[in-house]
Every structure is written in C-alpha cells, then in structure tokens.
Q: 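Structure provided below as structure tokens; questions to follow.
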Amino acid sequence: MQEQPESPENPQTRRLPPGQQLVADDRWPWVGERSAAGADRPWTLAIKGLVMQPTVFSLQQLAELPQTSIVTDIHCVTRWSKLDVGFAGVLLETVLRKCQAQPSARFVSFMARSSRNHSSSLPLQEAVDLGTLLATSVNGQPLPPDHGGPLRGVVPGKYFYKSVKWVERIELLAADRPGFWESDSGYHNQADPWQEQRYIASSVDRREAARLIESRNFSGLDLLSIDVQNLDLAGLQASTATLRNANFSGCQLARADFRQANLSNACFRGADLRGTDFRDADLEGADFAVADLRGANLGGCSLFGTSFCDTEGDKITNSARTDQHTTIDESAMDVLTEPQQRWLQAFLARLP
Ligand SMILES: Nc1nc2c(c(=O)[nH]1)N[C@H]1C(S)=C(S)[C@@H](COP(=O)(O)O)O[C@H]1N2
Ligand SMILES: [Mo]
C-alpha cells in the first residue's frame with residue numbers, strides 16, 4: 001500500500017492568523033486586569049442606553065434565558081492563541097431580544113465592574129453577527145474570576161481585547177465610544193486577527209521622529225508603532241518609554257537602556273542588542289528572532305508570547321544569539337509557547 005505523504009503543515013497552525021503562536025494546551029495566560037472590583041456585591045448585568053426596555057438581570061435571571069454553547073479560538077493581540085475553547089452562556093442577541101434595541105442604536109459598549117471601568121465596543125450588528133456571547137462557563141466549568149467570572153463577553157473572530165471580563169453593563173449607543181485599550185493604548189478598533197489589525201498607525205510624524213533619533217533619547221515618551229528599522233541607535237536611552245509595536249528590526253542598539261519600557265509586540269529581528277538592558281520591561285509578543293542578545297539582560301521582563309526564534313513545523317530556525325552573559329528568567333518557561341520553551345531550554349542548558 002502506498003503511504004500517504006505527510007502534510008508538512010500541522011492542521012492547527014493552519015488555523016492560526018498571521019503572527020500568532022499556540023500556547024501550550026494546558027495554559028491560558030492572563031492579560032490586563034486580574035480581578036473585578038466590588039466582588040462582594042451581588043452580580044447584576046444592566047442593559048441600558050438605546051433600548052426600549054432597559055433591564056437589570058441577576059445571574060439567576062440570565063441562567064433562565066436560553067443558553068448557548070460555542071467553541072471558539074482565542075487570539076490575543078500579543079501573539080498567543082488558544083484553539084477550541086468551549087464557552088457557554090447567553091448570546092448578546094438573546095438578551096437584546098428581551099430589551100429591544102432602538103432603531104438609532106449602532107454600537108454596543110461592554111463595561112466591566114473593575115477599578116478602571118474597563119470597556120470595549122463594537123458595531124452592534126457586527127457584535128450580533130459574530131455570535132457574541134455573555135459567557136458564564138468555560139470548558140464545562142464556571143468561568144474562573146481571574147478570567148472574567150462570573151460573566152465575560154466573548155467575541156469570536158476578534159482579538160481577545162474585545163472580550164471584556166466582568167461585564168456588568170452593556171450600553172447601546174448611536175455613536176461609537178472606543179474602549180480602554182482602543183482609546184488609551186492605540187489598539188486597533190476593528191481588531192480583525194486575520195488582517196492583523198493590532199494597532200493604529202504611529203502618531204509620531206517624520207520630522208519629530210528624526211529629531212528623537214538624533215537625540216537618542218526616547219525616555220518616558222509614548223512612541224506607539226514608531227518605525228526606526230535599520231538605524232544606528234547604539235546606547236539609546238528609552239527607559240519607561242511606551243514603544244508598543246515599535247519596529248527596531250535590524251537596528252544597532254548595543255548597550256541601549258530599555259528598563260521598564262513597554263515593548264509589547266515590538267520587533268527586534270536581527271537587531272544588535274549586545275549588552276542591552278531590558279530589565280522589568282514588558283516584552284509580551286516581542287520578536288527577537290536573529291537578534292544578537294549576547295550580554296543582554298531580560299531579567300524581570302514580562303514574556304508572554306515573546307519569540308526568540310522562528311519555527312517551521314518542528315524545526316527551530318533564525319534563533320537569537322546568546323552567550324553566558326545573557327540573562328533570561330527561568331520563569332519565562334511558563335509563559336512562552338512550546339517551541340519558544342524549547343529554545344529557552346536549550347539556552348539554559350548552555351549556561352555554565
Ligand atoms: N475588564 C477587562 N477585560 C479585559 C481586559 C482587561 O484588562 N480588563 N483585557 C482584555 C485583553 S487585552 C485580553 S487579551 C483578554 C484576556 O483575557 P484573559 O485574561 O482571560 O486571558 O481580556 C480582555 N478583556
Ligand atoms: Mo490582549
């Protein structure tokens with residue numbers, strides 16, 4: 001009998017949007033807020049704004065509405081994904097059938113019971129069409145409080161920041177009211193993972209960028225999505241800067257200071273990072289493939305979804321270069337994806 005040629009592609013990776021990596025099956029990272037506020041008060045869900053019948057539901061009343069189970073994929077903007085997660089609860093559509101949207105309602109805002117009044121919004125029709133769920137359980141268990149229990153939004157087909165944890169208010173609006181990450185941190189308001197709608201474009205114009213590059217001082221500045229690829233920025237001062245989604249690929253950044261900077265989703269591919277200080281920086285989703293990390297210090301960094309190499313099937317390629325003076329916390333083992341963990345294991349094994 002003829003053998004079937006083995007597919008080079010893992011069927012799971014085919015379901016991954018561009019730039020995403022799978023977390024280990026038993027992992028579910030926490031992102032953003034970790035707990036609700038006022039958890040001692042009984043939980044209620046208020047539907048308000050442009051509805052015919054503003055309503056406050058208790059959890060019991062929600063449980064008495066028709067329940068829906070879905071299986072969906074989680075794609076976090078910081079590049080980790082988790083496939084086939086089973087959520088159950090009440091469809092947004094079911095709740096809205098009770099409360100009846102007014103014709104002028106065009107957007108829906110989900111608001112959390114949390115200390116910073118976290119929220120996110122979507123066009124109303126899109127939220128309904130995507131099958132947005134108000135979830136109370138995950139994989140057959142009550143939703144854990146640190147993942148948004150007792151009640152969270154789950155918006156299939158969008159980056160997970162559209163899925164608000166601890167939802168306690170849903171407001172229908174005539175005009176959009178962009179949420180916390182979207183208005184505060186430059187997250188893209190459309191959030192389609194297949195189109196990599198992660199961040200809005202840089203707010204820094206070219207002249208301002210040129211001046212900053214000349215000064216080599218980014219300390220404390222918000223330079224979301226700045227693109228400085230292939231420049232010589234050796235010794236750059238950038239401690240506490242906000243550099244989400246910045247493009248430093250191919251840069252000379254030896255001995256740069258990125259302490260406590262926010263570098264989530266920053267690209268350092270092929271950059272010279274010898275002796276660079278990243279201590280306590282946020283490196284979630286950052287890419288260090290082909291970078292030279294000899295003597296670099298990544299101690300205390302947040303490393304959810306960080307990459308140090310590329311993978312083709314099971315093969316590790318384009319690894320970052322390290323030496324015995326490179327510092328990466330062993331605890332990162334828990335938060336990296338499986339191929340990246342293999343890379344880290346190999347790195348740790350080489351240490352004296
Ligand atoms: N209330 C609240 N909801 C939130 C956030 C948050 O900070 N606060 N972060 C969002 C982001 S960016 C992501 S990726 C997911 C993370 O959910 P998890 O912590 O259960 O993985 O929640 C989303 N919903
Ligand atoms: Mo996220």
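As the structure lists them, so they are numbered: ligands from 1, and atoms in each ligand from 1. Residues take their numbers from the sequence shown, with the count starting at 1. Since we're looking at a predicted model, the values are computed, not measured.
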Q: Checking R216 now: which residues fulfil salt bridge (charged side-chain N to carboxylate O under 4.0 Å, His left out) with it, not counting sequence neighbours?
A: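 Per chain and number, R216 pairs via salt bridge (charged side-chain N to carboxylate O under 4.0 Å, His left out) with D232.
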Q: S163 to ligand 1: N or O pair under 3.5 Å?
A: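 Min N/O separation from ligand 1 is below 3.5 Å for S163.
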Q: Considering the options F160, Y161, Y159, which one meets the ring-ring contact (aromatic ring centres under 6.0 Å, His included) requirement together with Y187?
A: Y161
Q: Looking at the rings of F278 and F288, which for Trp means the six-membered one, are their centres under 6.0 Å apart?
A: yes
Q: I'd like to know whether Q252 forms a side chain to side chain donor-acceptor pair (under 3.5 Å) with D272, so could you lay out the CA-CA distance, the side-chain angles of the two residues, the decisive distance to 0.1 Å, and finally the verdict.
A: CA-CA 5 Å; Q252 167 54 259; D272 184 344; 3.1 Å; yes
Q: Please determine if R152 forms a cation-pi arrangement with W166, meaning its NZ or CZ atom is less than 6.0 Å from the six-membered ring centre and no more than 45° off the ring axis.
A: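 No, a cation-pi geometry is absent between R152 and W166.
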Q: Has ligand 1 got any nitrogen or oxygen that is less than 3.5 angstrom from a nitrogen or oxygen of C76?
A: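 No, no N or O pair falls under 3.5 Å.
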Q: For atom 15 (C) of ligand 1, which of Y159, F110, F160, W80 has the closest heavy atom?
A: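 Among Y159, F110, F160, W80, the closest heavy atom to atom 15 (C) of ligand 1 belongs to F160.
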Q: Ignoring angles and geometry beyond distance, decide whether S114 reaches within less than 3.5 Å of ligand 1 through its nitrogen or oxygen atoms.
A: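 Such a contact does not occur with ligand 1.
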Q: Provide the number and element of each atom of ligand 1 under 4.0 Å from a heavy atom of A112.
A: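 In order of number, 1 (N).
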Q: If you have a sec, work out which protein heavy atom is nearest atom 5 (C) of ligand 1 and how many Å separate them, to one decimal?
A: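 Heavy-atom neighbour on the protein nearest atom 5 (C) of ligand 1: H118 NE2, 3.5 Å.
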Q: Counting only heavy atoms not in Q324, do more than 12 sit closer than 6.0 Å to its CD atom?
A: yes
Q: Is there a polar contact, in the sense of an N or O pair closer than 3.5 Å, between R116 and ligand 1?
A: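 Yes - when backbone and side-chain N and O of R116 are compared with those of ligand 1, one distance drops under 3.5 Å.
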Q: Looking at ligand 1, would R152 count as a contact under a 4.0 Å heavy-atom criterion?
A: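 A heavy atom of R152 does come that close to ligand 1.
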Q: Is the shortest distance from a heavy atom of R34 to ligand 1 less than 4.0 Å?
A: no
Q: Indicate yes or no: does E284 engage R79 in a salt bridge with an N to O separation below 4.0 Å.
A: no
Q: Under 4.0 Å, heavy atoms only, figure out whether ligand 1 is touched by the backbone of F180, its side chain, both or neither.
A: neither
Q: Return a yes/no value for K165: is any of its N or O atoms, backbone included, closer than 3.5 angstrom to an N or O of ligand 1?
A: yes
Q: Could you tell me, atom by atom, which parts of ligand 1 come under 4.0 Å of a heavy atom of W30?
A: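 Near W30, meaning under 4.0 Å from one of its heavy atoms, ligand 1 has 19 (O).
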Q: Can you name the atoms of ligand 1, numbered from 1 with element, that are less than 4.0 Å from a heavy atom of G32?
A: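 Listed by number with element: 7 (O).
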Q: Under 4.0 Å from a heavy atom of W166: which atoms of ligand 1 are those, numbered in the order shown and with their elements?
A: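 Reading through ligand 1 atom by atom, the close ones are 1 (N), 2 (C).
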Q: Of all the non-hydrogen atoms in the protein, which one sits nearest to atom 21 (O) of ligand 1, and at what distance?
A: P29 O, 2.8 Å
Q: Which residue and non-hydrogen atom of the protein lie closest to atom 11 (C) of ligand 1, and at what distance in Å?
A: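 Protein heavy atom at minimum distance: Y161 CA, 3.7 Å.
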Q: Please state whether the rings of F87 and W28 are parallel, tilted or perpendicular, taking 30° and 60° as the class boundaries.
A: perpendicular
Q: Among all the protein's non-hydrogen atoms, which is closest to atom 8 (N) of ligand 1, and how far away is it?
A: E33 OE1, 2.7 Å
Q: Could you check atom 18 (P) of ligand 1 against the protein and tell me its nearest heavy-atom contact, residue, atom and distance included?
A: H147 ND1, 3.5 Å
Q: Is the shortest N/O to N/O distance between V164 and ligand 1 below 3.5 Å?
A: no
Q: Quick one: do the S307 and Q21 side chains pair a donor with an acceptor below 3.5 Å?
A: yes
Q: So is W181 polar-close to ligand 1, meaning N/O to N/O under 3.5 Å?
A: yes
Q: Kindly assign one of parallel, tilted or perpendicular to the pair H147 and W30, based on the angle between their ring planes and the thresholds 30° and 60°.
A: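 H147 vs W30 ring planes: parallel.
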Q: Can you tell if the side chain of T78 reaches within under 4.5 Å of the side chain of N265, non-hydrogen atoms only?
A: yes
Q: Does the side chain of N245 pick up a donor-acceptor pair with the side chain of S225 at under 3.5 Å?
A: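 Yes.
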